[in-house]
There are 2 protein chains.
Amino acid sequence: MTNEFLTPAEMAAACSVSVDTLRYYEREGLLDDIARTSGGQRQYSSNDVAWVQVLRCLRATAMPIREMRAFAELVREGEAALADRLDLLANHRKRIVDQVAVLHDALELVDHKIEAYTAVLAGTPKVENAGQTRNPTLDGKGIRAS
Amino acid sequence: MTNEFLTPAEMAAACSVSVDTLRYYEREGLLDDIARTSGGQRQYSSNDVAWVQVLRCLRATAMPIREMRAFAELVREGEAALADRLDLLANHRKRIVDQVAVLHDALELVDHKIEAYTAVLAGTPKVENAGQTRNPTLDGKGIRAS
DNA sequence: CCTTGACCCGAAGTGCACTCCAGGTTGTTA
DNA sequence: TAACAACCTGGAGTGCACTTCGGGTCAAGG
């Protein structure tokens, strides 16, 4: 008979992390008060699932573990720490926006190169010195590049 | 009297990396044939600057060093490896696009939380159980959350 | 009861991308 | 020519986020 709790293996699957990572997060103070069976085995609730998913979202956007711990602690403190949590998330929001800008720039560079490569491969390079093997715009190494 | 070359310190500044990182990249096979003075000190060219900026762009979008090395090697091989380079960059392009999607999702989550926190702080929470201290949508920890 | 697989724990190990160190050389400036 | 910063090298060290290990415990099926 199944109940409302998830085993470690089920939890890991639900959050797309390893069981080890779950234990690691707990050790690091990111998770607290995980329910246990009488025998001491963990029983994760749906709240735990939601929380770990939030953590994974923060990690996926490069928030360091120690900052996630700070956030977890603020959540533990309740409403009193709401302003601090807002602050932390606002800072992180800015970092996310910065990352998007970096990715956008990179995408432009990569697309530019892909276009140039494709043109050369198709035998129709767009640049003036078309037939030559030296083309600085092609890969940023200029003189020796192809 | 200045010439067309940059000293290691100037190069580091021009590429926003440390001198150590420049040497590390060279050791790792990402840079080749850096010019030297008669005394053995490095002299970076503007081509080197452009190339390192490309490398930094790839790193900033999470390309591993070993893949950057593979790319550098393909560039060394010249036109013969153009198709392979195109392949590598196309793969990386996909990863960049995936990262953008992840950031976009994260931004939604963070914005949602920021909005919820702001509403509570302003005393005008949008949710039905407005006056209570338990609000699952606020931080993903439901029961114990504020 | 017995096996077997999932689970428990603290601690050690891993891979990555740098970063720092020690001891010596170069090169510019006073 | 003396001082001093910037440079050179190989190698060791760092911080991060996990991941693996070893030895023991728990729980469900046969």
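Note on naming: letters A, B, ... go to the chains in the order of the sequence lines (proteins, then strands), and numbering restarts at 1 for each one. From a predicted model like this one, the values you see are computed outputs, not experimental measurements.
Applying the salt bridge (Lys or Arg N to Asp or Glu O under 4.0 Å) test to every pair with at least one member in residues 37-47 of chain A, sequence neighbours left out, gives these pairs: A:Glu26-A:Arg42. Sorted by first then second residue, the side-chain hydrogen bond (donor to acceptor under 3.5 Å, both in side chains) pairs that include residues 96-105 of chain A, not counting sequence neighbours, are A:Lys94-A:Asp98.
Partners of B:Glu67 according to the side chain to side chain donor-acceptor pair (under 3.5 Å) rule, which considers only residues two or more places apart in sequence or in another chain, are B:Arg95. A search for salt bridge (Lys or Arg N to Asp or Glu O under 4.0 Å) contacts involving A:Asp111 returns B:Arg93, not counting sequence neighbours. Taking the salt bridge (Lys or Arg N to Asp or Glu O under 4.0 Å) definition, one finds that A:Glu108 meets it with nothing, sequence neighbours left out. Residues forming a side chain to side chain donor-acceptor pair (under 3.5 Å) with B:Ser18 (at least two apart in sequence, or on another chain): B:Thr21. Contacts of A:Arg66 classified as salt bridge (Lys or Arg N to Asp or Glu O under 4.0 Å), with partners at least two apart in sequence or in another chain: none. Partners of B:Arg56 by salt bridge (Lys or Arg N to Asp or Glu O under 4.0 Å), not counting sequence neighbours: none found. A search for ring pair (Phe, Tyr, Trp, His ring centres under 6.0 Å) contacts involving A:Phe71 returns A:Trp51, not counting sequence neighbours.
In this structure a side-chain-to-backbone donor-acceptor pair under 3.5 Å is missing from B:Arg69 to B:Pro64. The main-chain N or O of A:Asp84 is never found under 3.5 Å from a side-chain atom of A:Asp87 such that the two would form a donor-acceptor pair.
Taking the 5' to 3' direction, DNA chain D first and last meets chain B under 4.0 angstrom from a heavy atom at D:dC7 to D:dG10.
Comparing atom distances between the B:Arg56 side chain and each of C:dC8, C:dC18, C:dT26 picks out C:dC18 as nearest.
Taken residue by residue, residues 11-24 of chain A places heavy atoms nearer than 4.0 Å to DNA chain D at A:Ser18, A:Asp20, A:Thr21, A:Tyr24. Residues from residues 60-70 of chain B that place a heavy atom under 4.0 Å from any atom of DNA chain C, listed by number: B:Pro64, B:Ile65, B:Arg66.
Between A:Arg36 and the phosphate of C:dC9, there is a side-chain N or O to OP1/OP2 separation shorter than 4.0 Å. Remark: B:Tyr25 is not in phosphate contact with C:dA17, judged by side-chain N or O atoms under 4.0 Å from OP1 or OP2.
Look at CD on A:Glu28: it is 14 Å from C1' on C:dA11, rounded to the nearest Å.
DNA chain D is contacted by both B:Pro8 and B:Arg27; B:Pro8 maps to the nucleotide lying nearer its 5′ end (nearest heavy atom per residue). Each of B:Thr7 and A:Thr37 has a nearest nucleotide on DNA chain D; the 5'-most of these lies closest to B:Thr7.
Among the heavy atoms of the strands lying under 4.0 Å from A:Arg42 are primed sugar atoms or P, OP1, OP2 only; no base atom is included.
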